[in-house]
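Working notes, structure below.
Read the numbers this way: they start at 1 and go in the same order the structure lists the ligands and their atoms. Positions are given from 1, in the same order as the sequence printed here.
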Amino acid sequence: MKPPESPETAQNIEDLLRRMTLEEKVGQTLQYNGADDDALEQLHNNHVGSFLHVMGEKLEALKEAAGKTRLGIPLLFGIDAIRGHGLWRNATLFPTQMALSCSWNPDLLEEVARITAREVRATGPQWTFSPQLDICRDIRWGRMGETFGEDPRLTGALAAAMVRGYQGSNLADEEAIAACPKHFIGYGETVGARDGTEADVTRRTLEMVFLPPFRQAVHEAGAATVMAAYNAVDGTLCSLHHELLTGVLRDQWGFDGFVVSDWDNVGRAVYQKQVCTSIREAGVKALRAGNDMAMSTKNLAGELVAAVTAGELAEDVLDQAVRRILRIKFRLGLFDQPARRGIDREKIRTVINCPAHRAASLEASRQSLVLMTNHGILPLAPERLRSIAVLGPNADDLFGTVGGWVIGSPQAEFPDAMHDRDHIVTVLDGIKARFASATVVHERACCVVDQRHAISGWFTQRQPGETTTPPEGGMERATELARSADVAVVVVGDTMALQGEANDRADMDISGGQMELLHAVKATGTPMIVVLLVGKPHTIGWIKENADAVVCGWNQGVEGGTAIAELLAGDFNPSGRLTQSWPVSIGQQPVHYNQAPGWHAPRYVDQAIEPLFPFGHGLSYTTFNCGDATADRTTLTGDESVTIAAEVANTGSREGTVIVQCYAAVHAPLVRPARELLQWQRVHLNAGECRRVDFIIKRDDFTFVDETGKRVPANGKAEVWVGLSSRTRDLNGTIVQLAG
Ligand code: NOJ
């Protein structure tokens with residue numbers, strides 16, 4: 001999708017560069033928090049070229065002021081529109097990345113990003129800090145819910161789709177915005193799952209796990225920008241990492257956009273990581289490494305000017321960063337007249353949260369839901385139910401429903417408390433609407449976070465209306481309501497205080513009084529359906545054993561409650577499949593499916609090693625069967641492909657979509673994952689229908705990573721499996737010999 005540089009643009013950039021003063025050049029490499037009071041001053045005094053987290057009148061004022069500066073270089077406004085334009089009041093929210101990834105559907109992700117771009121660009125910003133490509137294998141990490149799960153190929157495909165959706169075929173389109181795959185790199189693998197600590201990854205792990213998704217987003221989908229992570233790799237901070245930012249991103253992958261640091265990476269190099277003694281040193285090292293723009297580092301402007309003047313930073317290096325930033329500004333059409341207009345008020349009225357966007361969000365929610373267990377209770381028969389007790393702290397809680405990166409959530413410094421109440425359909429709202437002929441009663445009963453929790457970190461503030469004090473008598477009322485209802489739907493999970501940036505946890509049990517509530521409801525003997533509204537996997541062994549059904553609802557978009565109620569009523573057939581393995585206990589981690597073989601003991605003495613729910617797991621209201629895998633050739637050489645086929649049958653009584661997964665393992669002289677996802681297909685089958693599903697795999701797709709960290713073709717035996725989850729017993733395999 002990357003347009004070739006027109007000679008005219010290249011000339012315009014060089015023209016501008018020639019006319020810019022040193023101070024103006026430095027300003028282009030700086031991004032400031034537009035929410036700060038001194039934003040206009042920063043523009044005038046330091047020629048700051050980009051602001052983040054500013055919208056509305058303030059954005060317009062900055063834009064206008066930039067137009068009146070000596071060279072009138074337009075500003076680039078960045079925003080965290082990561083699951084819809086969540087920081088704009090009542091914009092269309094979508095489920096989180098973790099939720100959306102369970103669709104395994106790149107087309108859906110592309111559509112989500114396209115809608116997001118349309119809404120964002122109408123309101124002013126032209127750049128989103130999305131998608132998030134971190135891979136994390138420790139569920140304690142607060143930001144796992146922002147990721148696409150544990151698999152590099154799935155992550156890469158979904159991320160590339162989002163980049164295409166944001167950027168369209170021409171960045172200058174009125175409905176396109178620049179994407180920013182983040183956080184480059186290893187941020188999900190930090191020590192102890194504690195945010196921003198060092199990622200202890202080898203060169204081989206980088207190539208096996210972390211780099212491939214970025215390569216797809218950058219090299220194949222043409223992402224305009226990339227964000228450097230907070231952490232260090234092999235001791236060097238990502239923003240100062242020449243080998244990664246220049247060697248890999250630019251030299252190997254041909255990236256010609258720009259790199260922005262994460263929040264104050266340059267400052268942190270001094271006061272937090274203590275690898276530089278001054279921000280001048282850190283700023284110089286960042287630019288030299290290929291980190292073109294510094295996000296939110298105060299007082300850097302003067303230091304960089306001084307560094308160039310003193311000969312500590314070659315002006316060429318600065319010019320290179322400025323050139324890359326200007327290139328994206330030109331590509332976005334910011335120098336053209338219409339794009340320099342203010343906010344498009346008419347468009348805001350017509351696109352923000354319009355019916356078509358809400359409908360797309362509802363469809364996204366449907367595809368994101370995962371039916372984890374079902375002992376025959378689902379779907380419910382709405383016409384036969386007289387009463388439903390909808391219980392639990394997340395049943396009717398806006399933040400519990402949607403999770404992070406929305407106004408009012410800790411990451412957003414916007415004045416509004418939250419999107420409007422009627423903007424978001426909670427599970428209670430959805431059930432009341434869908435089961436209108438039944439009596440629906442509700443009791444919150446307890447809190448997600450209560451006094452038993454010791455919470456540390458930055459984001460410890462409660463959300464509006466959130467309390468750590470359970471409603472008096474709530475548990476007793478909930479038990480009574482459950483006892484006299486036909487069915488209890490208990491909606492439990494986490495909340496913003498327990499997930500998100502710097503909100504890592506030490507245990508992942510369902511918190512607060514929620515387990516007590518579940519035990520009490522269970523004891524009534526009323527059938528119990530558990531709906532989990534969680535950012536990421538939890539340890540839910542008791543719930544799996546004791547609930548009549550478990551639905552993972554994740555954090556949802558504006559229509560999440562509608563989709564969940566529809567699922568309970570059987571209006572659609574769930575098809576979501578997990579993209580992150582759920583461990584039995586926190587100590588069982590990591591349980592990601594693509595581990596290297598080599599256990600001396602294939603179990604703990606006190607626990608099996610099989611996860612509670614494996615990668616790829618998800619149930620349906622019908623049943624599917626996947627037959628034997630067959631290969632159309634036994635030996636593969638040169639640029640040949642092999643077709644791996646399996647008959648997949650819908651053996652139940654209603655139509656449904658199944659995600660058929662194809663995994664492979666190669667023979668190689670180095671230890672490598674015992675199984676890796678190669679491809680998948682969403683297949684829709686009518687009741688009783690059987691279809692052959694083909695996976696065409698190229699010789700080149702059978703690779704391993706060598707000792708220098710390079711991906712090279714494998715030789716010898718390769719095993720390929722087709723099936724309905726990553727678990728061995730759900731897969732059927734065949735052998736192919738790789739030669740030549
Ligand atoms: C810090 C976060 O790590 C990053 O994901 C985000 O985009 C920036 N802040 C800007 O808000």
Side-chain angles (χ1 to χ4, degrees), residues 30-36 39 48 50-55 59 76-88 96-98 113 116 120 125-136 141-148 155 159 162-163 166 177-190 193-197 199 213-214 217 223-232 237-239 258-269 272-273 291 293-298 403-414 457-459 496 499-504 535:
L30 305 175
Q31 180 183 63
Y32 271 75
N33 185 357
D36 283 357
V48 166
S50 176
F51 289 91
L52 80 162
H53 288 190
V54 60
M55 288 188 289
L59 178 147
L76 183 54
F77 293 102
I79 191 84
D80 285 286
I82 63 168
R83 17 102 52 118
H85 196 5
L87 303 181
W88 182 269
T96 54
Q97 274 192 207
M98 171 66 67
T116 306
V120 167
Q126 323 95 338
W127 181 23
T128 179
F129 305 123
S130 169
Q132 184 156 335
L133 280 64
D134 302 313
I135 295 209
C136 172
W141 190 45
R143 302 191 74 173
M144 179 178 268
E146 297 176 48
T147 74
F148 287 127
T155 297
M162 279 194 102
V163 170
Y166 287 134
I177 54 179
C180 186
K182 66 186 186 186
H183 306 83
F184 194 75
I185 198 160
Y187 181 43
E189 186 84 348
T190 53
R194 289 190 293 274
D195 211 32
T197 54
F214 278 92
T225 73
V226 166
M227 186 184 291
Y230 283 138
N231 55 281
L237 288 182
C238 287
S239 274
F258 71 86
V259 173
V260 62
S261 76
D262 202 346
W263 193 279
D264 200 16
N265 279 2
V266 170
R268 284 173 210 278
Q272 215 173 52
K273 311 282 180 166
N291 188 119
M293 185 182 280
M295 178 191 288
S296 294
T297 297
K298 297 269 180 201
W405 290 114
V406 298
I407 45 174
S409 65
Q411 307 101 326
E413 307 136 304
F414 291 92
W458 308 339
F459 299 143
M496 284 316 297
Q499 55 149 307
E501 191 171 344
N503 279 357
D504 317 310

Is any side-chain heavy atom of [Y] closer than 4.5 Å to one of [X]?
X: Q31; Y: V260; result: yes
X: E146; Y: Q97; result: no
X: H183; Y: N265; result: no

In terms of side-chain heavy atoms, does Y166 have a donor or acceptor partner in S130 at a distance below 3.5 Å? yes

In Å, rounded to the nearest 0.5 Å, how long is the span from CG of N231 to OH of Y187?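 Interatomic distance, N231 CG to Y187 OH, rounded to 0.5 Å: 8.0 Å.
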
Check each protein residue for a heavy atom under 4.0 Å from ligand 1 and list those that pass, ordered by chain and number.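 Residues L52, H53, D80, F129, R143, K182, H183, M227, Y230, D262, M295, W405, E501 each place a heavy atom under 4.0 Å from ligand 1, listed by chain and number.
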
Is there a donor-acceptor contact under 3.5 Å from the side chain of R268 to the main chain of W263? yes

